[in-house]
There are 2 protein chains.
Amino acid sequence: MSGNAPKKKGEASRRILRAAEELFAAKGFAAVSVRDIAQLAEVNKALVFYYYENKATLLRKVLEQYYTSHAEALSPADPTTSLREQVHALLTSYLDFIEDNSRYIHIVQHELLANGENVGMIREGMNLLFSRVQEVLADMAGDGPLHVRHFFLSFSGLVVAYFTYAPALDEIWDGDPLSASNRRERREHLHWVIDQLLSGMEANQA
Amino acid sequence: MSGNAPKKKGEASRRILRAAEELFAAKGFAAVSVRDIAQLAEVNKALVFYYYENKATLLRKVLEQYYTSHAEALSPADPTTSLREQVHALLTSYLDFIEDNSRYIHIVQHELLANGENVGMIREGMNLLFSRVQEVLADMAGDGPLHVRHFFLSFSGLVVAYFTYAPALDEIWDGDPLSASNRRERREHLHWVIDQLLSGMEANQA
DNA sequence: AAATGTGTTGACCGAGCGGTTAACGATTGA
DNA sequence: TCAATCGTTAACCGCTCGGTCAACACATTT
């Protein structure tokens with residue numbers, strides 16, 4: 001009688017996780033109800049608690065999933081290329097990852113802002129990414145205001161800002177900032193920016 | 001009988017607004033209850049609705065308040081100084097504002113991420129800030145990836161990232177990233193960064 | 001055929017939510 | 001002096017929240 005699509009067994013668990021991911025990214029943990037998740041997943045609410053202990057666990061599982069793919073996405077540096085190229089390659093792979101997983105940074109930012117209980121896991125992700133940047137930049141960077149950590153944070157900020165502020169940029173951008181061509185242009189800008197920074201670091205070294 | 005401090009009349013309204021501001025910044029709109037606000041303001045819950053129509057209005061009033069001071073904080077460019085100095089002055093005043101109103105960006109980011117109903121007001125704030133940047137940078141910037149809007153967004157990202165990611169940076173920073181000396185060092189880094197970008201823009205112009 | 005285990009369900013729970021209301025004391029103005 | 005207004009309160013409302021539970025369908029094992 002119902003118009004529901006036939007549900008394969010065993011996939012309910014994954015559907016719940018995907019729905020939770022989508023909603024947490026869009027509205028933040030606190031603004032999402034378990035009922036919302038169940039409805040989007042086309043699943044009975046009680047089933048959510050059958051597969052996941054509680055709402056908080058659901059968020060943790062979503063983050064864990066990302067943590068894994070985040071680690072995989074960071075391809076190791078290719079030592080046969082120049083440092084400049086290595087940095088550009090790192091930026092490219094980071095942008096690729098974020099474009100493919102735009103929900104990830106939304107959830108991460110939500111958690112960071114709310115100073116939730118999962119900041120520890122996020123910190124691990126940051127440390128991982130930092131060690132990769134350090135690997136490549138350690139020799140070029142300097143001390144104090146030119147310490148690697150500042151460049152790491154600046155890179156992160158440059159990349160992430162675009163996605164965070166997009167909803168408020170449409171007037172300035174004169175259209176959807178997230179369109180394919182605009183994203184491409186933004187990438188070019190970012191590569192240009194780190195090029196200037198790399199030049200500055202080289203000059204400082206000499 | 002109660003240990004409550006004597007409350008001057010008329011200040012209850014402001015106390016509510018301040019409490020709301022503090023809590024919205026710390027936990028986000030959805031995660032804050034009117035009871036929380038009333039308790040922090042040491043005020044009866046019903047009084048919140050006496051002064052403010054509802055919870056959403058309270059958030060709007062908080063944002064309006066910031067919108068005003070944000071506009072005031074942007075001192076006009078001093079045409080007697082060089083463009084470089086004008087850009088540095090703009091960065092400094094933006095950093096000053098954000099350090100004095102760190103709750104502001106937290107609330108703004110929360111709203112942007114949640115794509116709430118107040119994005120319109122935030123957009124106005126962004127447009128305002130953008131026009132100031134454009135004023136100073138219009139002649140230097142170029143087209144496509146070197147368009148002013150990209151520099152505007154990059155500046156914003158560079159500045160804001162520090163405050164957003166601070167809670168997850170303590171291991172990398174080897175201590176509180178928000179300490180006075182670390183904030184000073186970060187400022188120096190940012191001035192160094194925009195110096196490199198300005199050099200790049202000049203080179204591109206030639 | 002009986003027993004067992006797994007996935008799924010609707011009905012239910014207490015707690016907390018945003019918001020309302022009627023009444024009260026203090027202040028003010030006629 | 002009396003009435004009106006203002007700031008404040010406790011009690012209450014309907015509703016949604018996260019989470020539980022007993023029962024059920026169904027497949028597998030004994």
Side-chain angles (χ1 to χ4, degrees), chain A residues 1-63 107 110-111 114 116-118, chain B residues 1-63 107 110-111 114 116-118:
Chain A
M1 186 176 193
S2 79
N4 290 348
K7 297 158 192 170
K8 291 175 194 164
K9 36 183 159 181
E11 71 165 354
S13 162
R14 264 165 297 171
R15 294 238 306 267
I16 293 169
L17 202 66
R18 279 195 55 83
E21 176 205 334
E22 185 172 333
L23 291 173
F24 287 155
K27 311 202 277 175
F29 182 78
V32 172
S33 78
V34 176
R35 282 167 178 83
D36 293 337
I37 296 170
Q39 189 180 7
L40 183 62
E42 292 178 280
V43 137
N44 186 286
K45 176 172 69 82
L47 208 56
V48 175
F49 296 97
Y50 177 75
Y51 285 113
Y52 305 93
E53 198 179 346
N54 50 40
K55 196 181 154 190
T57 301
L58 201 38
L59 173 59
R60 232 186 44 234
K61 283 291 196 303
V62 170
L63 282 172
I107 296 180
H110 263 124
E111 271 300 289
E117 305 158 6
N118 299 294
Chain B
M1 185 173 198
S2 78
N4 289 347
K7 296 158 191 169
K8 293 175 192 164
K9 34 183 159 180
E11 72 165 354
S13 162
R14 266 166 295 170
R15 294 238 307 265
I16 293 169
L17 202 67
R18 279 194 55 84
E21 175 204 334
E22 184 172 333
L23 291 173
F24 287 155
K27 313 202 276 178
F29 181 78
V32 173
S33 78
V34 177
R35 283 168 178 81
D36 293 337
I37 296 170
Q39 189 179 10
L40 184 61
E42 292 177 279
V43 138
N44 187 286
K45 176 171 67 83
L47 208 56
V48 175
F49 295 98
Y50 176 76
Y51 285 112
Y52 305 93
E53 198 178 346
N54 51 40
K55 195 181 153 190
T57 302
L58 202 36
L59 173 60
R60 231 187 44 237
K61 283 291 195 306
V62 170
L63 282 171
I107 297 180
H110 264 123
E111 272 300 289
E117 304 159 7
N118 298 295

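Reminder, nothing fancy here: chain letters follow the sequence lines and each chain counts from 1.
- In this structure, B/E111 and B/F24 have side chains that are not in contact, with every pair of non-hydrogen atoms separated by 4.5 Å or more.
- A pairwise comparison of heavy atoms in B/E42 and B/R15 identifies O-NH2, 3.3 Å as the closest pair.
- Counting to the nearest Å, the P atom of C/dG5 and the OH atom of A/Y50 are 12 Å from each other.
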Could you write out each protein N or O paired with an N or O of nucleotides 17-19 of chain C at a distance under 3.5 Å?
from: C/dC17; atom 1: OP1; to: B/S33; atom 2: OG; distance (Å): 3.2
from: C/dG18; atom 1: OP1; to: B/V32; atom 2: O; distance (Å): 3.4
from: C/dG18; atom 1: OP1; to: B/K55; atom 2: NZ; distance (Å): 3.1
from: C/dG18; atom 1: OP2; to: B/V34; atom 2: N; distance (Å): 2.8
from: C/dG18; atom 1: N7; to: B/R35; atom 2: NH1; distance (Å): 3.0
from: C/dG18; atom 1: O6; to: B/R35; atom 2: NH2; distance (Å): 3.2
from: C/dG19; atom 1: OP2; to: B/K55; atom 2: N; distance (Å): 2.9
from: C/dG19; atom 1: N7; to: B/K45; atom 2: NZ; distance (Å): 3.0
from: C/dG19; atom 1: O6; to: B/K45; atom 2: NZ; distance (Å): 2.1

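- Distance CZ (A/R14) to P (C/dG7): 12 Å, rounded to an integer number of Å.
- Considering A/N118, A/V62, A/L59 as possible partners of A/F29, the one that fulfils the side chain to side chain contact (heavy atoms under 4.5 Å, CB included) test is A/L59.
- In terms of phosphate contacts, A/Y51 brings a side-chain nitrogen or oxygen within less than 4.0 Å of OP1 or OP2 of C/dT8.
- Distance A/Y52 OH to C/dG7 P: 12 Å, rounded to the nearest Å.
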Fill in: B/L58 vs B/Y51, side chain to side chain contact (heavy atoms under 4.5 Å, CB included): CA-CA, chis, key distance, verdict
CA-CA 9 Å; B/L58 202 36; B/Y51 285 112; over 6 Å; no
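- For B/L47, the side-chain atoms get nearest to D/dT9 when compared with the rest of C/dT9, C/dT6, D/dT9.
- Put simply, the side chain of A/Y50 does not reach to within 4.5 Å of the side chain of A/N44, judged on heavy atoms.
- A side chain to side chain contact (heavy atoms under 4.5 Å, CB included) with A/I16 is found for one member of A/L40, A/V43, A/V34 and no other, namely A/V43.
- For the pair A/N44 CG and D/dA25 C1', the computed distance is 14 Å after rounding to whole Å.
- Rounded to an integer number of Å, the gap from CZ of B/R15 to C1' of D/dG7 is 13 Å.
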